[in-house]
Amino acid sequence: MSDVLNVSEMFGKNVFNDAVMRDRLPKSVYKKLKKTIEDGAELDPSIADVVAHAMKDWAIERGATHYTHWFQPLTGVTAEKHDSFISAPSDGKVIMEFSGKELIKGEPDASSFPSGGLRATFEARGYTVWDCTSPAFLREDAIGVTLCIPTSFCSYKGEALDKKTPLLRSMQAVNEQALRILRLFGNTTAKRVAPSVGAEQEYFLVDREKYLQRKDLIYTGRTLFGAMPPKGQELEDHYFGAIRERIGSYMNDVNKELWKLGVPAKTQHNEVAPAQHELAPIYEGVNQAVDHNQIVMETLKKVAGRHGMACLLHEKPFAGVNGSGKHDNWSLTADDGTNLLNPGDTPHENIQFLLVLACIIKAVDVHADLLRESASVVGNDHRLGANEAPPAIISIFLGEQLEDVIDQLCSTGEATHSKQGGTLKTGVDILPDLDKDATDRNRTSPFAFTGNKFEFRMVGSSDSIASPNTVLNTIVAEAFKEAADILEKAEDFDMAVHDFIKETLAAHKRIIFNGNGYSDEWVAEAERRGLPNIRSMVDAIPALTTDKAVKLFEAFGVFTKAELESRSEVEYENYSKAINIEARTMYDMASKSIIPAVIKYTTQLAASIGAVKGVCQEADVSTQTELLIKTSKLLTEIRTALAHLLEVTEKASAAEGGKVQAVVYHSQVVPAMEALRAPVDQLEMIVDKELWPMPSYGDLIFEV
């Protein structure tokens, strides 16, 4: 029987999970470790050596020779330094050792990772700290078998230099405040409330041989030039279409890799754009979901190479067809099984749910700028607001049922009924009637309620989901705290909670929009409502360091002011570096490949005209002449645009760093890149395909 048919045996086989710990650890040690994992109790250092020894033996039995502290610095990808298990040789022999100290703490060089000024270049010490709530796992690849230990990464002075540490802090914050909400309603059984997340991952696959012929894909992850082929996605025949065999074989191997690592990969399908696909997991705790999404992205890329393909995670690798996002499905679940976002069959009677909903609506309205910023990466500027992604305006979709309940509360002060879904009748006798959901879905909304969770659709496909969830957890914690502070003191709780829900919804219902988020009318309506429309990453970054943001994050111990300022600097720097690489790649491609190819083509045209005229003076060479004139004109436009791009790129490179430099790249270099692309894309449709120096869009998205 193949591995595919033994999913239950395969799943988690390379994970030091609960079953392995229970089997290999002494009962007393296991209980102490579980208390930390489940209750958030402080880790007992006395058990570290025992856990480390068991983890080492388990890993070595499976062929591991090295271990690494696996962490997530501000680069947006993961990092690791490998150490072998061998100790100092004695009598020509080595012993395989791994201590509790080595498990708990590592010391990578912190000076070479982005810190946004938190660390000086000469201050090299940084620490990785074991996160026991996310299980260690084994990675099998050409290096061998490596034990990967999820860790946080902080500076010598304790500042967070990574994505995980603030996420864990935000989980503590929302847990504490959510428990206060549950206690208001008499729930004394829940001991912990944790965010649950399922992150849908979109990606493109292209043939690796063609990928290697495009410097723009290699250096930037997207095509900087490219004319649309005769067919794009307009027939909508790729979406949910039959999965081709080559792609299916790739998906099969991806699933095997992920299942071994305990990643609950569930759904796979073709997405809207040609060559675009999606993988979706089952919901799990947010910390593991973040780690697993990093594993998903790494695995998608690694397995693609084995199949002669390249995986593109950029948000907009091809102009003219849909880009890729990452839908972050977020909910709050208590350890007693209570889902705080479950409205029940009659949400108008579910006061606890209505309070939680009101708080979330308030949180998103008050901190819309922060939520927008949390989804800001360079590639997302090409995607947000296009016809396949939510607009750059934050709004909430609730659906007809909940919108009706809110309207009742705000207009009359009482909600007396909830709309029901009714029955779906197909008109075909042999097909059964179905119970409809009470609400349709809205794919144009950036923050949509989808039954018992919210789907944050803005996140970019290449981005870590840590930042969006850190923001979500913290802003909701603040709203919960403000509600609990009032309601815990109320003499008449029923009346107080009723009034609080009504007043909160009335004050913040402007953020609710159930219509078409792609329409121009919504842009105008959002402006009338006073909702921010933050169109670019550069415009979004200032939200990190407003007085409002600093107060929020410091109040809950998620970020210090210095940590926020550092992240602001890192993001400005990331933007400038990314655009600089794109601009210089365009210059390189245009000057070394495209212009020579066009010159060769014009030379052939001129020779053709001369040859034809030489044979027959009366011959009509108007077609060749028109092509030569048009091509030469476009070639001149390229030369002019290229010179301008070089000029503004050098100007931006010399600009003062941080925001000043990023603004120059955004306002001057990006338009100059667009100006260069326009004539090149026109020429691609004219120049002989045999002369064009790189594979076309048609070659890339239809021939894989």
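Computed from heavy atoms alone, side chains included, the values below leave out hydrogens, waters and symmetry copies.
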[X] and [Y]: side-chain donor and acceptor closer than 3.5 Å?
X: Tyr67; Y: Lys56; value: no
X: Thr333; Y: Asn339; value: no
X: Gln294; Y: His292; value: no
X: His69; Y: Thr151; value: no
X: Thr165; Y: Arg169; value: no
X: Thr450; Y: Lys453; value: yes
X: Asn533; Y: Glu527; value: no
X: His367; Y: Glu478; value: yes
X: Asp291; Y: Trp70; value: no

Notebook entry, point to check: Under 3.5 Å, side chain of Ser568 to main-chain N/O of Leu564, donor-acceptor pair present?
Noted result: no
Note to self: Holding to salt bridge (Lys or Arg N to Asp or Glu O under 4.0 Å), I want the full list of residues that pass it with Asp49, two or more places apart in sequence or in another chain.
What the structure shows: none
Next item on the list: Take the angle between the ring planes of His666 and Tyr575 and call it parallel below 30°, perpendicular above 60°, tilted in between.
Entry: perpendicular
Closer than 4.0 angstrom, basic N to acidic O: yes or no for [X] and [Y]?
X: Glu569; Y: Lys659; value: no
X: Lys489; Y: Asp485; value: no
X: Arg457; Y: Asp328; value: no
X: Lys35; Y: Asp39; value: yes
X: Lys191; Y: Asp335; value: no
X: Glu298; Y: Lys302; value: no
X: Glu80; Y: Arg139; value: yes
X: Glu315; Y: Arg222; value: no

Notebook entry, point to check: What's the verdict on side chain to side chain contact (heavy atoms under 4.5 Å, CB included) for Gln177 and Arg180, showing C-alpha distance, side-chain angles and the deciding distance?
Noted result: CA-CA 5 Å; Gln177 302 306 323; Arg180 292 177 68 190; 2.9 Å; yes
Check: From Ile394 CD1 over to Ile534 CD1, what is the distance, rounded to the nearest 0.5 angstrom?
Finding: 8.0 Å
Check: Only one of Phe71, Tyr127, Trp130 clears ring-ring contact (aromatic ring centres under 6.0 Å, His included) with Phe153; which?
Finding: Phe71
